[in-house]
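To find a chain, count down the sequence lines: A is the first, B the second, and so on, and within it residues start at 1.
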Protein chains: 2
Amino acid sequence: MTSDKPRETRRALTLRDVSEASGVSEMTVSRVLRNSGDVSASTRERVLEAARRLGYVPNKIAGALASQRVNLVAVIVPSLSNLVFPDVLSGISAELEETGLQPVFGVSNYSAEREEAVLYEMLSWRPTGVILAGLEHTDAARAMLRNAGIPIVEIMDVDGEPVDSVVGISHRRAGLAMARTIVKAGYRRIAFLGTKMPHDHRARKRMEGFEAGLAEAGLELVDREFYSGGSALKKGREMTEAVLSRNPDLDFLYYSNDMIGAGGLLWCLEQGIDVPGRLGLAGFNGVDLLEGLPKRLATMDACRHKIGRIAARIVSGRSESGQIGGERIELTPQIQLGDTIRQA
Amino acid sequence: MTSDKPRETRRALTLRDVSEASGVSEMTVSRVLRNSGDVSASTRERVLEAARRLGYVPNKIAGALASQRVNLVAVIVPSLSNLVFPDVLSGISAELEETGLQPVFGVSNYSAEREEAVLYEMLSWRPTGVILAGLEHTDAARAMLRNAGIPIVEIMDVDGEPVDSVVGISHRRAGLAMARTIVKAGYRRIAFLGTKMPHDHRARKRMEGFEAGLAEAGLELVDREFYSGGSALKKGREMTEAVLSRNPDLDFLYYSNDMIGAGGLLWCLEQGIDVPGRLGLAGFNGVDLLEGLPKRLATMDACRHKIGRIAARIVSGRSESGQIGGERIELTPQIQLGDTIRQA
DNA sequence: CTGAAAGCGCTAACAA
DNA sequence: TTGTTAGCGCTTTCAG
């Protein structure tokens with residue numbers, strides 16, 4: 001660069017520049033660039049040629065202000081490093097691709113306050129809709145969502161009161177189903193291993209449902225162990241060792257996610273523990289990773305990609321029901337027994 | 001909802017509404033809401049109270065148009081399911097947190113054309129800066145970046161010609177260093193296992209550097225194997241089995257990422273292969289996951305989080321060098337020998 | 001098929 | 001400390 005102020009120097013191009021370069025009115029240039037209205041082929045060509053030559057990039061800020069339309073969909077998830085959320089996001093992206101809508105991602109780090117802040121920021125760009133994980137929000141966030149006057153879709157979880165539409169699974173029922181399966185398979189001395197995060201509501205609901213399922217059979221959790229941070233695989237090992245040394249007679253370990261479950265599985269196999277004969281194991285999520293383990297960990301598919309697609313469809317107004325809001329779609333996750341629950 | 005048109009009914013609130021509700025001019029309301037200029041404490045209180053009561057959310061579209069300032073930083077990565085990129089994004093988010101800037105993520109799916117489209121879309125929102133992975137872009141994308149008149153930071157890779165600033169590691173040198181280490185450790189019959197994606201330029205550069213390193217010792221790759229799609233862990237197993245059945249006398253496998261390396265490691269251990277005695281293994285990235293494996297896979301840390309932080313710092317104009325653009329920052333990844341390369 | 005005028009909701013610059 | 005005026009760059013609407 002040779003100029004003194006490399007950044008400030010270059011004024012961004014406007015429609016007017018393209019208009020002057022092509023000898024066509026701003027209005028017509030605008031029409032060409034948006035494929036809106038009828039424009040003669042020759043005019044169209046001249047405009048496109050000029051725009052390309054100049055390297056014109058439209059200013060959507062001005063466009064959005066004038067048209068009161070914004071092709072953005074706000075998406076807020078708790079974390080990106082969870083393996084789970086990238087799947088949801090890819091479902092959303094895939095579905096939105098054909099609609100001209102664009103997802104914009106925000107991360108709340110499992111904090112309701114942070115979520116509120118991110119939401120406020122995103123709503124100030126007047127998106128076409130909002131997709132966010134979970135049903136637990138601050139009161140202020142809820143109020144903002146209600147006042148926004150746009151489609152809101154809460155995803156992943158259906159156990160609670162949605163603001164508008166909701167797409168997900170019942171984590172309570174998921175836990176319940178797993179408990180019943182395990183009991184039916186004959187396991188009796190059962191422990192739960194999960195995240196410590198007080199704000200992982202879905203893991204909490206699974207645990208509650210799980211305990212309810214055990215209670216039906218007159219059982220209680222024999223032990224629990226929680227972790228936070230670090231390599232989940234490693235934590236899975238450590239927690240497994242911890243609970244088994246406290247309670248050597250445990251015969252089942254229910255993990256709140258597949259990663260720690262995988263760690264536990266690896267540890268058990270190294271110890272020569274008979275899985276699933278003497279000890280059964282199960283995780284949650286149905287992540288790809290499990291396919292590469294020595295044994296397939298029992299799990300439940302959380303329907304992540306599908307949830308993303310359906311949510312996106314609702315926001316884009318192409319929901320199958322044709323409904324205009326307030327949809328409630330509960331998917332039913334299937335248990336995959338894998339090789340770590342003995343067959344009844 | 002009781003109204004007929006639940007969506008269209010509610011007009012979004014404007015500054016004017018807050019102005020009327022508080023009896024303060026729009027301009028002063030604007031000042032309060034932006035903490036700009038001097039406003040008396042009492043006026044300030046009245047305004048905030050009114051804004052809160054009404055549930056006013058500012059319209060950043062109008063604000064950005066008027067002020068010509070946008071607090072958005074465009075970030076484009078090839079994929080979110082790669083484990084690598086969430087780390088970079090978290091580095092960016094963490095660094096931007098205190099600056100008032102907001103990252104906005106886009107995904108290119110390892111396609112230069114898709115990247116160009118996403119970039120065009122994002123630039124049309126006039127962001128404060130752009131951070132994008134890699135140095136390989138379409139000519140059109142490059143032109144847009146140059147014309148944008150904002151800080152551009154290409155990340156992850158420094159082997160090539162940046163548009164403006166660049167922060168990353170040399171994947172060529174990374175491959176080279178690994179080759180030298182391996183040769184020094186006495187391995188001679190070496191294979192490469194990686195992704196098929198023709199657009200994973202960084203993996204390609206690592207392989208090229210790796211081959212150059214082997215060549216220094218008069219060696220060549222004995223075999224190569226590539227995959228695409230599916231569970232990386234599983235693919236790692238399959239590819240490992242494939243190359244070893246083709247060439248049972250191989251004594252080292254270099255994987256283009258840790259996930260397939262982990263799969264290969266698990267497979268080898270199950271087969272009772274002596275690692276690292278008879279067969280050495282190494283991956284790339286230094287992912288958390290490795291800590292939970294039976295043996296620690298040799299790897300190199302790609303400095304992902306740090307790259308994100310530095311890139312964000314450059315965009316926010318708080319770069320350590322104080323330079324105004326055109327920075328070139330090369331980090332040097334360290335080899336972690338782990339338990340899968342024998343010590344010389 | 002093309003153009004002119006008005007204004008989207010906010011903020012910079014200036015005035016009081 | 002507060003208010004007024006004039007746009008930001010585009011699209012809507014309506015007229016030719």
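- Contact annotation: B:Ser40 reaches the phosphate of D:dT2 (side-chain N/O to OP1 or OP2, under 4.0 Å).
- Judged by distance alone, the side chain of B:Asp157 and the main-chain N or O of B:Arg202 form no donor-acceptor pair under 3.5 Å.
- Picking from C:dC14, C:dC10, D:dC8 the nucleotide with the shortest atom distance to the side chain of B:Asn59 gives C:dC10.
- Of the candidate nucleotides D:dT2, C:dG3, D:dT11, D:dT2 has the atom lying nearest to any side-chain atom of B:Val39.
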Task: Verdict with supporting geometry, B:Arg114 and A:Glu97, salt bridge (Lys or Arg N to Asp or Glu O under 4.0 Å) - done: CA-CA 11 Å; B:Arg114 179 101 195 105; A:Glu97 201 117 316; 3.7 Å; yes
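- A:Leu13 places its CG atom 15 Å from the C1' atom of D:dC10, with the value rounded to the nearest Å.
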TODO: I would like to know whether A:Arg11 and A:Asp17 meet salt bridge (Lys or Arg N to Asp or Glu O under 4.0 Å); could you show each step before the answer?
DONE: CA-CA 11 Å; A:Arg11 184 186 56 75; A:Asp17 296 304; 3.4 Å; yes
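- Taking atom CH2 on A:Trp125 and atom P on C:dG9, their separation rounds to 15 Å, with Å as the unit.
- Rounded to a whole Å, the CD1 atom of A:Ile61 is 10 Å from the C1' atom of D:dG9.
- Regarding contacts with the backbone of D:dT11, a side-chain N or O of A:Ser30 is found under 4.0 angstrom from either OP1 or OP2.
- Going from atom CG of A:Leu65 over to atom P of D:dG9 covers 12 Å, rounded to whole Å.
- We find that CG of A:Leu15 is positioned 14 Å from P of C:dA4, with the value rounded to whole Å.
- Atom CZ in B:Arg126 sits about 12 Å away from atom C1' in D:dC8, given to the nearest Å.
- At the heavy-atom level, B:Asp38 lies under 4.0 Å from base atoms of the strands shown.
- Residue contacts for A:Arg69: at a heavy-atom cut-off of 4.0 Å it reaches the sugar-phosphate backbone alone, with no base atom in range.
- If you check the side chains of B:Thr43 and B:Ser40, you find a donor sitting under 3.5 Å from an acceptor.
- A donor-acceptor pair shorter than 3.5 Å cannot be found between the side chains of B:Arg142 and B:Thr138.
- An OP1 or OP2 oxygen of D:dG3 is reached within less than 4.0 angstrom by a side-chain nitrogen or oxygen of B:Thr28.
- Closest approach to the A:Arg31 side chain among C:dT2, D:dG9, D:dT4 is made by C:dT2 (side chain taken as heavy atoms from C-beta onward).
- Distance A:Asn35 CG to D:dT11 P: 12 Å, rounded to the nearest Å.
- For B:Thr43 and D:dT2, the shortest distance from a side-chain N or O to OP1 or OP2 is below 4.0 Å.
- Side chains of A:Ser316 and A:Arg318: a donor-acceptor N/O pair is present below 3.5 angstrom, by distance only.
- Comparing D:dT12, C:dT11, D:dG9 against the side chain of A:Met27 picks out D:dT12 as the nearest.
- Distances shown here put every side-chain N or O of A:Ser67 at or beyond 4.0 Å from the OP1 or OP2 atom of D:dT11.
- Between A:Arg34 and D:dT11 there is a side-chain N or O to OP1 or OP2 distance below 4.0 Å.
- A sub-4.0 Å separation between OP1 or OP2 of C:dG9 and a side-chain N or O of B:Tyr56 is absent.
- Between the CD atom of B:Gln68 and the P atom of D:dA6 there is a distance of 19 Å, rounded to whole Å.
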